[in-house]
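Following: one structure in structure tokens, then a few remarks.
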Amino acid sequence: MDSVLLTVSSSVVQSSLLAFSASKRPSKENLVRYSRCRWPPISVPLRYRNRVFGFRNGKYSSGPDRPLRVSCLNGTKKEPQSSSTKEELGLDWPVLQRWDVPWKWQTVTLTMFGCGISFVLTGLLETSVIPYLNLQIADLNLDQKSEILFVDQFIVTAVVLGVIFGITNSFKPYPDDIFRYKFKDPFNLRNGWLLWAGIGFVGAILAIALTGAALALFNSENPQRETDALVRLSPLIGSSTISTACLVGITGVLAPLLEETLFRGFLMVSLTKWFPTPVSALLAAAVFAVAHLTPGEFPQLFVLGAVLGFSYAQTRNLLTPITIHALWNSGVILLLTFLQLQGYDIRELLQGQ
């Protein structure tokens, strides 16, 4: 009798277990649903994965494996922000994005110091070499002086650019947006270098005009401008075609190439390693204005430098600030040349008397 009861009981238990295991067997729909759950952030070893999900050797098993706890929280997983969301929030504006700067502060300090020293030493070397060339500066005519100034600026530009690229050469290949001079897509709405150069140039004219008006309103005294570069160059402006061409080459080509590569392409980009891009643009603009050694023109130069910096941040192409700088400088030279030919005393105009 006991053996009969034992046989019946074992049969009932076995059938119950089989029914229970059949009811708990995961279907394809359940597996799809489980795959959408948030699993714990662990990496399950490959040899244990079949056991975790109740499979052994490709077949389902109802053995006494420990279940894996999962949390299925529908709708709580944070989705990555789409490009449209970033555009709505303004997070993808190039002017707010930093550069991926590969060098550290030691390289920045060494490069800026090297540029300053090379600029000074080049001038001293040229001064010492001139007597050996039997050149008497005072006896030269204006065209010859213009040519010497052009050669001087060409040498300074080559030396300083050589220092910049020589020190940073160990970090090549540079990221795509560092020291970038590309003529591609000039009118692209987002980062067209020529389009934004035109926008920046118009913005620079308006900003500098407003700055000059504000200074004139709050400062009734005429600033002393005897040390300004334009005042020193005034005898050469409009004196001849050769002198005008040399001055345009100096101020419209060589100076923008040198200054924008140094102050925007290197200094401003380097500062974004520690400061936001707008702050870096303003800091570089301040250094740019101070480097001209004309305290009376600091506000206007600072505004111009800020426009150059923000335009460069928008396009990540150095052709943008170079073009704005070239248009500004050469435009001033050509305007003063026109006034000189019309009989105006440009030195008196520049001094604001």
Side-chain angles (χ1 to χ4, degrees), residues 106-170 179 224-267 270 284 286-298 301 305 322 325-326 329-330 332-333 336-337 346-347 350-351:
Q106 294 91 338
T107 303
V108 179
T109 304
L110 178 62
T111 303
M112 295 303 296
F113 181 77
C115 290
I117 292 298
S118 63
F119 179 83
V120 174
L121 291 180
T122 301
L124 294 176
L125 182 61
E126 291 174 351
T127 303
S128 61
V129 168
I130 285 178
Y132 295 96
L133 300 177
N134 295 324
L135 292 176
Q136 300 295 328
I137 301 299
D139 298 334
L140 299 178
N141 57 39
L142 294 179
D143 289 347
Q144 292 172 331
K145 291 180 179 179
S146 300
E147 293 169 353
I148 290 178
L149 287 176
F150 181 84
V151 173
D152 170 68
Q153 183 63 45
F154 181 85
I155 294 174
V156 171
T157 301
V159 170
V160 175
L161 291 181
V163 171
I164 296 174
F165 291 110
I167 295 178
T168 60
N169 183 65
S170 60
F179 295 136
Q224 298 296 322
R225 303 183 56 178
E226 291 294 335
T227 60
D228 284 10
L230 284 177
V231 175
R232 297 197 303 268
L233 294 176
S234 59
L236 304 177
I237 297 176
S239 61
S240 68
T241 303
I242 294 178
S243 62
T244 301
C246 289
L247 291 180
V248 171
I250 293 170
T251 61
V253 179
L254 297 177
L257 176 63
L258 170 61
E259 294 178 4
E260 296 313 309
T261 301
L262 174 60
F263 294 109
R264 250 63 61 180
F266 177 76
L267 179 59
S270 300
V287 178
F288 167 78
V290 171
H292 282 75
L293 303 177
T294 53
E297 294 297 307
F298 178 86
L301 288 171
I322 289 174
H325 201 155
N329 285 355
S330 58
V332 171
I333 294 296
L336 292 176
T337 300
I346 59 174
R347 186 179 183 89
L350 291 172
Q351 291 176 334

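Because only heavy atoms are used, hydrogens play no part in the values below, and waters and symmetry mates are left out as well, while side chains stay in. All figures in this text were calculated on a predicted structure; none of them were measured in a lab.
- Judged purely by atom type and a 3.5 angstrom limit, S118 has no side-chain atom pairing as donor or acceptor with the backbone of V159.
- For the pair V108 and S270, the tightest heavy-atom approach, listed with the atom from each and the gap, is CG2-CB, 3.6 Å.
- L262 has its side chain within reach of M112: a pair of non-hydrogen atoms, C-beta onward, lies under 4.5 Å apart.
- With rounding to the nearest 0.5 Å, the separation of CD in Q144 from CG in L142 is 9.5 Å.
- Across every non-hydrogen atom of S330 and G252, the tightest pair is CB-CA, 4.3 Å.
- Taking a 6.0 Å sphere around CZ of F113, one finds it holds 12 or fewer heavy atoms contributed by other residues, nucleotides or ligands.
- Counting heavy atoms from C-beta outward, H292 and E297 have side chains that stay 4.5 Å or more apart.
- What you find for I148 and I137 is that their closest heavy atoms are CD1-CD1, 4.1 Å.
- Between T168 atom OG1 and F179 atom CZ the span is 4.5 Å, to the nearest 0.5 Å.
- Between atom OG1 of residue T261 and atom CZ of residue F165 there is a gap of 5.5 Å, rounded to the nearest 0.5 Å.
- The two residues F288 and G305 have their closest heavy-atom pair at CD2-CA, 3.9 Å.
- Summarising the geometry, atom CG belonging to L301 is positioned 5.0 Å from atom OG1 belonging to T294; distances are rounded to the nearest 0.5 Å.
- Between the CD1 atom of I237 and the CZ atom of R347 there is a distance of 10.5 Å, given to the nearest 0.5 Å.
- In this structure, L161 and L257 have side chains that are in contact, with non-hydrogen atoms separated by less than 4.5 Å.
- Side-chain contact check for L149 versus L236: some heavy-atom pair is nearer than 4.5 Å.
- Across every non-hydrogen atom of A286 and F298, the tightest pair is O-CE1, 3.9 Å.
- Interatomic distance, CD1 of I164 versus CG of L258, reported as 6.5 Å (0.5 Å rounding).
- Around CZ of F154, the count of heavy atoms belonging to other residues, nucleotides or ligands within 6.0 Å does not exceed 12.
- Scanning all heavy atoms of the two residues, the minimum distance from G238 to T244 falls at N-OG1, 3.9 Å.
- When each of L110, T111, T109 is tested with T107 by the rule side chain to side chain contact (heavy atoms under 4.5 Å, CB included), just one qualifies, namely T111.
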